[in-house]
Amino acid sequence: MKVKIKKFRNGEFLWEEYEIDGEGNTVLEILQKIKEEKDPTLSFRAMCRAGICGTCAVKVNGQHKLACSTRVYSDITLEPVDVAPTIKDLIVDHSFIYKKLKEGKVWFEVLPTNVPLKSNELKNTEKSWDCILCGICNYVCPAIQEDKNFGLPSTFTKAYGVIFDKRNAKGDEKLKDLVPLNIQSCTHCKNCTFSCPKECNPELLINILENTMVRYGLIRKKEQDFGFLGF
Ligand code: FES
C-alpha cells in the first residue's frame, strides 16, 4: 500500500510517499514500520499504543484519529493535526491544551476524608474521566478560531468531572474559575462529539456546564441568530 505523509522540515511542509506492506495494521504500526525499514528520520509521537495516553493524534485521510486505534486497509495520507503548531513531521506542540486546564483551575480540591462513590454517582461523570486529552475535540472546533479566549472542549470535558464529582471539596464553587474561559462561545456544532475517539460527548458536557453557569448567574447565554428559519 502507498502511504503519503505530510512532513514538516526546516519551516516548510513537504509530501513524501512510501510503499509498504501494511494492510490491516494500525496507522501507528505503519509509521513504526516506515521508521524501521524506510526512513529513520520520520518523527511522530506515541507512548502507550493502546488508546490511553492520548499522544498519537494525526490526520488520516483528512480525519482526525488516534494512530494507535485506527486500522487501515488501503492507501492512506497522513498529516499533522490542525490548529496546533507543527514542530517536526507529525509532531505538534499541544501545550496550549494544558495551559487552558491551568487557566480554568481544572483540578480537585481534595476533601480531608475519603468519600466513597456509589456506582450511579460515578456514572454521572464517567464520560469526563474517560477523556484522555488527545486534543482531537480541539483540533476540529470552530469556536477556537473565532474566540482565542475560548477554553477548549477538552478543558470543559475535564472540568465537568471535577465540578460534578462529590469528592471535590469546592463543588459548584469551581464554576467561577471557568468564567474567563468563555464557555458561551461554543457553537454547539457537535464536531467535538462526532470526532471524539473515546465517545466522551464533549458537546453534551459543555451544554450542561453552560446551562448550570447561566442558572447560577455567572454568564449570559449568547444570543443565537435563527434568521435562517425565515419567519
Ligand atoms: S499511543 Fe497512546 S493513545 Fe495512541
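The first residue of the sequence shown is numbered 1, and numbering continues consecutively from there. The shown structure was predicted, so the numbers you read here are calculated from the model rather than taken from an experiment. First listed ligand is number 1; within each ligand, the first listed atom is number 1.
Take a cut-off of 2.8 Å around atom 2 (Fe) of ligand 1: the protein N, O or S atoms inside it are Cys48 SG, Cys53 SG.
Taking Ile, Leu, Val, Met, Phe, Trp and Tyr as members and joining any whose side-chain heavy atoms lie under 4.5 Å apart, directly or through other members, the hydrophobic cluster of Ile34 also contains Met1, Val3, Ile5, Tyr18, Ile20, Val27, Leu28, Ile30, Leu31, Leu42, Phe44, Val58, Val60, Val72, Ile76, Leu78, Leu90. Connectivity analysis of hydrophobic side chains (ILVMFWY, heavy atoms under 4.5 Å, direct or indirect) links Ile87 to Ile91.
A side-chain hydrogen bond (donor to acceptor under 3.5 Å, both in side chains) with Asp89 holds for exactly one of Lys7, Arg9, Lys6; it is Arg9.
Using a 4.5 Å cut-off on side-chain heavy atoms (C-beta onward), Arg49 and Glu29 make no contact. Glu173 is not listed as a side-chain neighbour of Tyr216, based on a closest heavy-atom distance of 4.5 Å or more.
Screening residues 141-151 for salt bridge (Lys or Arg N to Asp or Glu O under 4.0 Å), with sequence neighbours left out, gives no hits.
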